[in-house]
Amino acid sequence: MKLIFAIVNSDDSSAVSAALTRGGFFVTKLASTGGFLMSGNTTFLICTEEEKIDQAISIIGEHSRKRKQLVSSSVNFGLNTYTALPVEVTVGGATIIVTDVERFEKI
């Protein structure tokens, strides 16, 4: 058995969850926050057989899209004067971690 941790943007959460469920995967969703932009994410926990890992990752990839977003960035112009300038960053997509599961029980 393997445990897949999939961190996706909250905007993609419903589509990913629905697609994984249609694909026959049991999914646990956790609300999480990214460290860089401090924006909302959803972390999915999926325990599955090793031969289904690629299928799960494919489903996650199909429903987690990357997009551009403007965020504020502070710039120091000297003399302790700061201004906020918008910076374009890429958000979305998915971060996926797969680990071994020593024991799995569904009671």
Side-chain angles (χ1 to χ4, degrees):
M1 294 292 283
K2 297 288 186 175
L3 176 61
I4 302 170
F5 294 89
I7 305 160
V8 303
N9 188 283
S10 290
D11 294 341
D12 299 325
S13 173
S14 294
V16 171
S17 180
L20 285 168
T21 301
R22 279 193 309 272
F25 293 95
F26 295 101
V27 179
T28 299
K29 291 172 43 172
L30 303 173
S32 54
T33 302
F36 177 62
L37 297 175
M38 303 304 277
S39 62
N41 293 320
T42 300
T43 300
F44 291 93
L45 305 177
I46 308 150
C47 197
T48 189
E49 296 84 13
E50 190 164 355
E51 58 271 6
K52 292 186 177 181
I53 292 171
D54 291 336
Q55 179 188 358
I57 291 174
S58 176
I59 290 171
I60 295 164
E62 289 172 16
H63 296 86
S64 301
R65 63 183 185 86
K66 290 186 178 185
R67 53 196 154 285
K68 301 287 185 182
Q69 178 178 326
L70 290 176
V71 296
S72 294
S73 172
S74 294
V75 176
N76 181 355
F77 287 110
L79 302 172
N80 293 328
T81 56
Y82 292 86
T83 187
L85 295 175
V87 175
E88 187 175 76
V89 296
T90 301
V91 298
T95 300
I96 299 172
I97 302 163
V98 180
T99 63
D100 290 323
V101 174
E102 190 172 314
R103 181 175 173 173
F104 175 78
E105 292 185 34
K106 193 162 185 162
I107 301 173

Q: Can you measure from OG1 (Thr95) to CG (Asn9) and round to the nearest 0.5 angstrom?
A: 10.5 Å
Identify every side-chain donor-acceptor pair in residues 98-107 under 3.5 Å, counting partners at least two apart or on other chains, and give the distances.
from: Asp100; atom 1: OD1; to: Lys2; atom 2: NZ; distance (Å): 2.2
from: Arg103; atom 1: NE; to: Glu105; atom 2: OE2; distance (Å): 2.5
from: Arg103; atom 1: NH2; to: Glu105; atom 2: OE2; distance (Å): 2.2

Q. Which residue pairs satisfy the salt bridge (Lys or Arg N to Asp or Glu O under 4.0 Å) criterion with at least one member in residues 9-21, sequence neighbours excluded?
A. Asp11-Arg67, Asp12-Arg67
Would you give me the side-chain donor-acceptor pairs under 3.5 Å for residues 44-62, sequence neighbours excluded?
from: Ser58; atom 1: OG; to: Glu62; atom 2: OE2; distance (Å): 3.3

(Q) Taking side chain to side chain donor-acceptor pair (under 3.5 Å) as the definition, give me every residue that meets it alongside Ser10, ordered by chain and number, with sequence neighbours left out. (A) none
Give the table of side-chain donor-acceptor pairs shorter than 3.5 Å for residues 18-29, with sequence neighbours excluded, one pair per line with atom names and distance.
from: Thr21; atom 1: OG1; to: Ser17; atom 2: O; distance (Å): 2.9
from: Lys29; atom 1: NZ; to: Ser13; atom 2: OG; distance (Å): 3.4

**Q.** Heavy-atom pair of closest approach, residues Gly93 and Ser64
**A.** O-CB, 3.5 Å
Q) Are Leu3 and Ile97 joined in one hydrophobic group, where the rule is that I, L, V, M, F, W and Y side chains link up if heavy atoms are under 4.5 Å apart? A) yes
